[in-house]
Amino acid sequence: MPTAYNPRDVEEKWYRYWEENKFFHSEVDPSRVPYTIVMPPPNVTGQLHMGHALDNTLQDVLIRWRRMQGYNVLWLPGTDHAGIATQAKVEEQLAREGLSKYDLGREKFLERVWAWKEEYGGRITRQLRRLGASCDWDRERFTMDEGCSAAVREFFLRLYEKGLIYRDYYIVNWCPRCQTVISDIEVEHLEKPGQLYYIKYPAREGGDYLVVATTRPETMLGDVAVAVHPADDRYRHMVGKVLVLPLVGREIPVIADEYVDPSFGTGAVKITPAHDPHDFEVARRHGLPQIKVMNEHAVMDGEAGPYRGLDRWECRKAVLRDLKEQGYLLKVEDYTHAVGHCYRCETVIEPMISRQWFVRMKPLAEPAIAAVKEGRIRFVPERFTKIYLHWMENIRDWCISRQLWWGHRIPVWYCQDCGETMAERETPEKCARCASPRLEQDPDVLDTWFSSGLWPFSTLGWPQKTRDLEYYYPTTVLVTGRDIIFFWVARMITSGLFAMEEVPFKEVFIHGLVLDALGRKMSKSLGNGVDPIEVIESHGADSLRFMLVTGNTPGSDLRFHFERLDGARNFANKIWNASRFVLMNLDGYRPEEAPGPEAYTLADRWILSRYARCVRAVTESLEAYELGEAARAIYDFLWDEFCDWYIELAKPRLYHPREPRDRQLAQHVLARVLKGALELLHPFMPFITEEIWQRLPHRGRTIMLAPWPVYQPELVDEGAEAAMELLMEVTRAIRHIRSEMNVPPGKTATAVLVAEEEGARELLAGWRHYVEGLARCRVELRAACDAPPPQSAHGVARGVKIYVPLAGLIDINREASRLEKELAAVEKELARVKGKLASEAFLTKAAPDVVEKERAKEKDLSARAASLRQRLAVLRG
RNA sequence: GGGCGCGUAGCUCAGUGGGAGAGCGCUUGACUCACAUUCAAGAGGCCGUAGGUUCAAUCCCUACCGCGCCCA
């Protein structure tokens, strides 16, 4: 084995071994309990980014852990067709050839998209394999494969038949660049600096006028009214009067509506129903017309009069110029406000009236609210429940049609002769009403999230009643980022409850975003993304996974620091070398002849006790979704306890055993604890643990399927832990003296240990060789401190006084100041404890064990202080 | 405007109603036969501010300040 761990040598090999042997595969087995996760499907043409790496690492940890626990684990992978994103990529590709999708036509264009999908579709799944994802590739799905498409159609039809889908003219969010409508949640509101323009609208008769304030003056061309608040005394006399719209000359009424905020601007608001969602609602209430002044390219047309042909920003300038010239523009203020942007391309969206398909959400939301309120679905962390409920309780209808070509075509046909609208499961031949064969399918496709909303059951065979569906549904847990709770989690819940009458998953484990080192979101435009594949190549998949899991608290964001990656790699290397040590010293070890517990040394009992606690801590943390805590527990155990103490204590037993049996015993405990720790670590670092586990004595074909270590309370040995703690503290005290007094590491010192207490003295007598080995010294044990050695440095550890004679080496002043410093710290602490114990309230009200603890503390601190003081007195002569 | 999260060592972040933790960085010493991707020792913190609850608050409650996110 090389002295440094090289992930490249092992990762690919083991992944192939696992996959070829179908260790990831799951089959229905009613005799076993299923544990199911459906993978949030990454975009088919995308590539792995850090968000995917985090999301899938977390899933893989849970999956591997539960698999080892014996559950029948299914992790179902797949990809999403990602309508807008994919279509945009192919359009870019065409643009480089000087073509547009219209040059090709719908059919040819779709061929190109499918070809693209074939070419790039496998990229991300190959990358997931490199990450170590142990998902069942035999069940890989795609949101536009045959089964999912059938599910989409069936689902649409069921909603349609229940009257939950309708088509209507409504104000929608239009992206002038993507040339499609997007849903409300796809609009990103960004704070942008802008201006607030105050415009004068004169009354038709007399010199009266109103002043409106607006951030979008160009839309005034489509104004149909000015609204004021009904209770606003300033304007009460104006309500019902008629104003003349500047530049246009249109006569518009002054109306009263509660929607108006009297404190904003002038308290008078222009109403542009065709280009503002709020105005749209106001106009509906008042029966006002809608006047379109802009087309789908955000260029003025319709009733825009002389401004026709200008794009919206040019038009704004022109309108302002004209208003100013004609004396209507009274004031301009700087004003920062939230502007809706397309979440895909960041173009400013344009509210527009358009005929689209919608899902009536209220009836679907009710059971989705109940499911969470009744605890049938639980969010982890819990605080996301509130976010979810708030959104569900204020839900609006979902616009599901998209003016794209790539996606699930809306299964609705229109008769060209009689105008009949037909929603059908199978492509119809003729009109159901007039029998005309002249049918045309709706040109639009469905929102991508419509199909991903069905993911937990469409992938298991729905609408067929399959055994898979019966066995694996509802799935156990969904793991996903907090950014898509509304987009996806909420939709799966409503869809699952509607189609299956059962929740799609019992728990939702939400994680944060991976940010760059400066705390910014990783994005293409900033160029601050870190490629997980590059990281895997430089540091290994295990290191990446470990780094993503540790120091991460559920639901909160995570900054990506290369330093932390180095730390994870160092940990892998540490495990590698600890394992090398164990493996190099296993010759002659016969597991079946291992000595029984009666032969265990103190160190053996101690490490087994610590190991047992570690098993419990890791398991409990995983159960609570505290993955970072679990990882930290193994890290601390392996590095601090197993490597730094146990291995050091095992060395003499292996190199110079007093008896062969002790060597056997050390080998046994080393192998057992290391193997168990590797099993605990396997969900986090699958590759290195498999590589080492295979070399250790083991049963079974893979660590993946090794039984998860079970907490054994009989291994917990508090006596051994306390004893080791004392020996470790004495060791640390001697090391401290050696270091402070500049005793060369090669030089063996003498340590005079004075243990007045019998228990401690016996302990030190029995295990003095631990201290001697670990602190490189010769121990002289005494029962009383009658004559401390002259010219020695002093320390105290748990009632044990330590003197390290340093004839000729000791610097009295230096030693005195060291002891003074220590004494000051001890006295400070002692004062605090004494103060506490002096309080009657504390003694009567605090828990008895707490009081007891404080008393013990006082005793220990007093003894330490006394010893230090005495020593100082001697030094000062 | 409403909601949520965060503010702990120089940096990044864990954590807990009862003696402040880790990693990195820093200082000092060591190529000690698993590992210098290491080992040993050390320095470094009114746990954002002000109140309150409690015998006891970094932790619970309230207000405020600062930062970030979501929704309208």
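Chain A is the first sequence line, chain B the second, and so forth, proteins listed ahead of strands; every chain is numbered from 1. Computed over heavy atoms, backbone and side chain alike; hydrogens, waters and symmetry mates excluded.
Residue A/Arg832 has its side chain nearest to B/G19 when only B/U12, B/G19, B/U32 are considered.
At whole-Å resolution of the value, CD in A/Glu191 and P in B/G1 are 11 Å apart. When rounded to the nearest whole Å, the span between CG of A/Leu190 and C1' of B/G68 equals 15 Å. What separates CG of A/Asn577 from C1' of B/U38 is a distance of 9 Å, to the nearest Å. For A/Arg520 and B/G68, the CZ to P distance is 13 Å, given to the nearest whole Å.
When the P atom is compared between B/A14 and B/C60, the two are found 15 Å apart, to the nearest whole Å. The same atom, P, is picked in B/A30 and in B/G18; the two are 42 Å apart, to the nearest Å. A gap of 23 Å separates the C1' atoms of B/U62 and B/G68, to the nearest Å.
For the pair A/Arg610 and A/Trp639, the cation-pi test (distance below 6.0 Å, angle within 45°) is failed. Annotation: cation-pi pair A/Arg396/A/Trp391 absent, no NZ/CZ under 6.0 Å from the ring centroid and within 45° of its normal.
Of the residues A/Lys386, A/Lys373, A/Lys362, the one that meets the salt bridge (charged side-chain N to carboxylate O under 4.0 Å, His left out) test with A/Glu393 is A/Lys373.
A/Arg738 comes within contact range of no nucleotide atom at all, as no heavy-atom separation falls under 4.0 Å. Contacts of A/Glu740 with the nucleic acid, taken as non-hydrogen atoms under 4.0 Å apart, involve only primed sugar atoms and P, OP1 or OP2.
Within residues 850-858 of chain A, the residues approaching RNA chain B are A/Val850, A/Glu854, A/Lys857, by heavy-atom distance under 4.0 Å.
The distance between the ring centers of A/Phe684 and A/Tyr635 does not fall below 6.0 angstrom. In this structure, the ring of A/Phe509 has its center no less than 6.0 angstrom from the ring center of A/Phe379.
Looking only at atom types and distance, the side chain of A/His539 has a donor-acceptor partner in the side chain of A/Asp566 under 3.5 Å away.
Residues A/His278 and A/Arg569 both approach RNA chain B. Their nearest nucleotides, taken by heavy-atom distance, put A/Arg569 toward the 5′ side.
Remark: A/Leu823 CG to A/Glu827 CD distance equals 4.0 Å, nearest 0.5 Å.
Proximity of A/Asn573 to the phosphate of B/U38: no side-chain N or O atom is located under 4.0 Å from OP1 or OP2. Under 4.0 angstrom from either OP1 or OP2 of B/A14 there lies at least one side-chain N or O belonging to A/Ser556. The side chain of A/Lys574 contributes no N or O atom lying less than 4.0 Å from OP1 or OP2 of B/C35.
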- Let me have a per-nucleotide readout for nucleotides 51-60 of chain B, 5' to 3', with B, S or -, counting only protein heavy atoms under 4.0 Å. ----B-----

- What would the secondary structure line of RNA chain B be in dot-bracket form, counting Watson-Crick and G-U wobble pairs under 3.5 Å, with [ ] for pairs that cross earlier ones and | for pairs with another strand? (((((((..((((....[..)))).(((((.......))))).....(((((..]....)))))))))))).

